[in-house]
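Since the structure is predicted, the reported quantities are computational estimates derived from the model, not experimental observations.
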Amino acid sequence: MRSSDKELLLDLLVMQSTQAISDEENKELQKLIKVYPEYNNYEFDEITSLAHMSYHLDDNRSHEVLPNELKSKILNSHKQIDSLSLYKIKINEFMRSLFDQPTYAWAITVLLAIGISFSMIEFKNYDSNFRYLPLERVLLQSTSNDLVEYPWYSKQSDFAMAKGDIIWSNKSQKGFIKISGMPVNDPLKNQYQIWIIDPLKYKQPVDGGVFNINATDQDIIIPINPKLPILNAKAFAITLEQPGGVVVSSQELILTAPELRPSSTFTL
Amino acid sequence: MASLAINQSNYLSKSMTGSKKTKKLEDSILFSLAKEEAGAFEKLVDQYGNLIWSIARRYLSNQTEAEDAVQEVFIAIWKSAGRFDPNKASEITFVSMIARRRLIDHVRKIYRHKKLEPIDDCFDDDALQTKSILDQSTDVKIISEAINQFAEEDKELLSLSIYQGYSHSEISKLMNIPLGTVKTKLRRNLIKLREIFNQDQHSIVSINNA
């Protein structure tokens, strides 16, 4: 490798510590880090953080006070995520103890199958912003080491005000959409549908569930509900479909994430 | 996206090679947080809330985005608390690294660069608490003194890039210097800063061990 490659690596590491880098730059960076394993992605994070603190110390105008309302939100988030994690641990322990007893196992399996069927029907038309959705989203962000995150890009002028992002973890098979500025829909006439593009596994995009928008001026969080197991989600899209959604869409794309479609032979 | 915390130990052991701090882990808020002590998270927010909010407001002018990002930062710090090692970095450095990493990632999702709006003067007693935390940090002082020794153009470059969040191409236009020069100077200045910092850490250890 040429010394200019090492310089390029250092330049990209500096950029990574100081600004948002593009997907192409990140790809190049990861390629070079494999060649120079003595470097890692966070090479300059410590020194740039210290330099930032040093400038911050000297800049009296930038010393803001955390708003009390935000402080309360942060403390409540922590309490609820902590309780949710503890709740999940307890449920898992309880379920394990039940399945250890064969006489209960078959009964639990049947009940779960019935329960899951009902919840899948319900989820098709769930209300956004279930109480725990924002916390579940934060939990997924904080605990996943394979998280992909993309902002939404509008493909139609009617949806130009739409803003938000999508996060997804292949390992957890979970993801969330956060969105605002979408036009309100009439659920009796149409519903928004999420699509997951997984080119290695499926020729067609996978149905990620339908949702309604009942307000345009606030962030709405929607869990992604894939109908099939996802191997490696490469992109996401939203269309407007008939109530209940469709198996294969023939509608125009409203939003995509990322902006450019991965190369594929898909019809969507 | 890989969490900062996963590679934290690799990163810190490389950049702080040979240096030792004598701080006790047990004195840190992060240690209490990792042990799930009651009230530890609240102490974390009390100690670093103003600082992290101030950093977030520099990166994100939209109040809602900044609030979301700050919540994510605190949850990320909570989840990473068990990886904190005071022999490798100070608590404030650890906290600010996670905060900046999360905020840069957040900006990457939203847009490339935000125009920094002037912030109203609110240098009150609560804001003084942030100043005092930073004042007490030996690490920050070392870097501050090192930056002050740089030539004016280099100081300006570092400020525009690290503190004001301009991209390399934006700095090239602002300062009217070639893009290649911006990249080279920033790279060299940061490497130099890191060398100075590591040397000073060695000196502190020598004095402490004398």
**Message:** As an exercise, state the distance from CG of A:L57 to OG of B:S144, rounded to the nearest 0.5 Å.
**Reply:** 6.0 Å

**Item:** CD on A:Q141 to NZ on B:K79, rounded to 0.5 Å
**Value:** 12.5 Å

**Asked** Any idea which heavy atoms bring B:V45 and A:I74 closest together, and the distance?
**Response** CG2-CG2, 4.0 Å

**Message:** Other residues, nucleotides and ligands only: do more than 12 of their heavy atoms fall within 6.0 Å of CD on B:E36?
**Reply:** no

**Message:** Evaluate A:M53 against B:D139 for side-chain contact (heavy atoms from CB on, under 4.5 Å), listing each step before the verdict.
**Reply:** CA-CA 10 Å; A:M53 295 302 108; B:D139 295 351; over 6 Å; no

**Message:** When you measure from the side chain of B:R100 to the backbone of A:S17, do you find a donor-acceptor pair of N or O atoms at a distance under 3.5 Å?
**Reply:** yes

**Asked** So A:E64 and B:R58, side-chain contact (heavy atoms from CB on, under 4.5 Å) or not? Walk me through it.
**Response** CA-CA 10 Å; A:E64 291 204 48; B:R58 287 208 72 79; over 6 Å; no

**Message:** Once you measure the plane-to-plane angle for B:Y163 and A:Y55, does it fall in the parallel (<30°), tilted (30-60°) or perpendicular (>60°) bin?
**Reply:** parallel

**Prompt:** Heavy-atom distance under 4.5 Å to chain B: side chain of A:Q16, backbone, both or neither?
**Reply:** both

**Message:** Measuring from atom OG1 of A:T18 to atom CD1 of B:I104, what distance do you get when rounded to the nearest 0.5 angstrom?
**Reply:** 6.5 Å

**Any donor-acceptor pair under 3.5 Å from A:Q19 side chain to B:H168 backbone** = yes

**Asked** With under 30° as parallel and over 60° as perpendicular, where do the rings of B:W78 and A:H78 fit, or are they tilted in between?
**Response** perpendicular

**Message:** Please classify the contact between A:L70 and chain B as side chain, backbone, both or neither, with a heavy-atom cut-off of under 4.5 Å.
**Reply:** side chain

**Message:** With a 6.0 Å cut-off (strictly less than), is the heavy-atom count around NZ of B:K192, excluding the residue itself, greater than 12?
**Reply:** no

**Item:** Closest heavy-atom pair and its distance - B:I162, A:A51
**Value:** CD1-CB, 3.8 Å

**Prompt:** Under 3.5 Å, side chain of B:N50 to main-chain N/O of A:L66, donor-acceptor pair present?
**Reply:** yes

**Residues in residues 146-160 of chain B near chain A [non-hydrogen atoms, under 4.5 Å]** = B:I147, B:K155, B:L158, B:S159

**Prompt:** From A:L75 CG over to B:E42 CD, what is the distance, rounded to the nearest 0.5 angstrom?
**Reply:** 5.0 Å

**Prompt:** Are the charged groups of B:R188 and A:E7 less than 4.0 angstrom apart, N to O?
**Reply:** no

**Message:** If you apply the rule side-chain contact (heavy atoms from CB on, under 4.5 Å), what do you find for A:H52 with B:S96, and how did you get there?
**Reply:** CA-CA 9 Å; A:H52 188 128; B:S96 66; over 6 Å; no

**Message:** Heavy-atom pairs under 4.5 Å with chain A: which of B:T64, B:I52, B:D68, B:T184 has the most?
**Reply:** B:D68

**Message:** How long is the straight-line distance from OG of A:S49 back to CE of B:M97, given to the nearest 0.5 Å?
**Reply:** 6.0 Å

**Message:** Counting only non-hydrogen atoms closer than 4.5 Å, does B:L44 touch chain A with its backbone (N, CA, C, O), its side chain (CB onward), both, or neither?
**Reply:** neither

**Prompt:** Considering residues at least two apart in sequence or located in another chain, which fulfil the side-chain hydrogen bond (donor to acceptor under 3.5 Å, both in side chains) criterion with A:W168?
**Reply:** A:N170

**Request:** Give a yes/no verdict on a cation-pi contact between B:R194 and A:F44, requiring under 6.0 Å between NZ or CZ and the six-membered ring centre and an angle within 45° of the axis.
**Result:** yes

**Asked** Quick one: CG on A:L10 to NZ on B:K183, what's the gap to the nearest 0.5 Å?
**Response** 12.5 Å

**Message:** B:T93 vs A:E46, test: side-chain contact (heavy atoms from CB on, under 4.5 Å). Steps then yes/no.
**Reply:** CA-CA 7 Å; B:T93 306; A:E46 187 186 23; 3.5 Å; yes

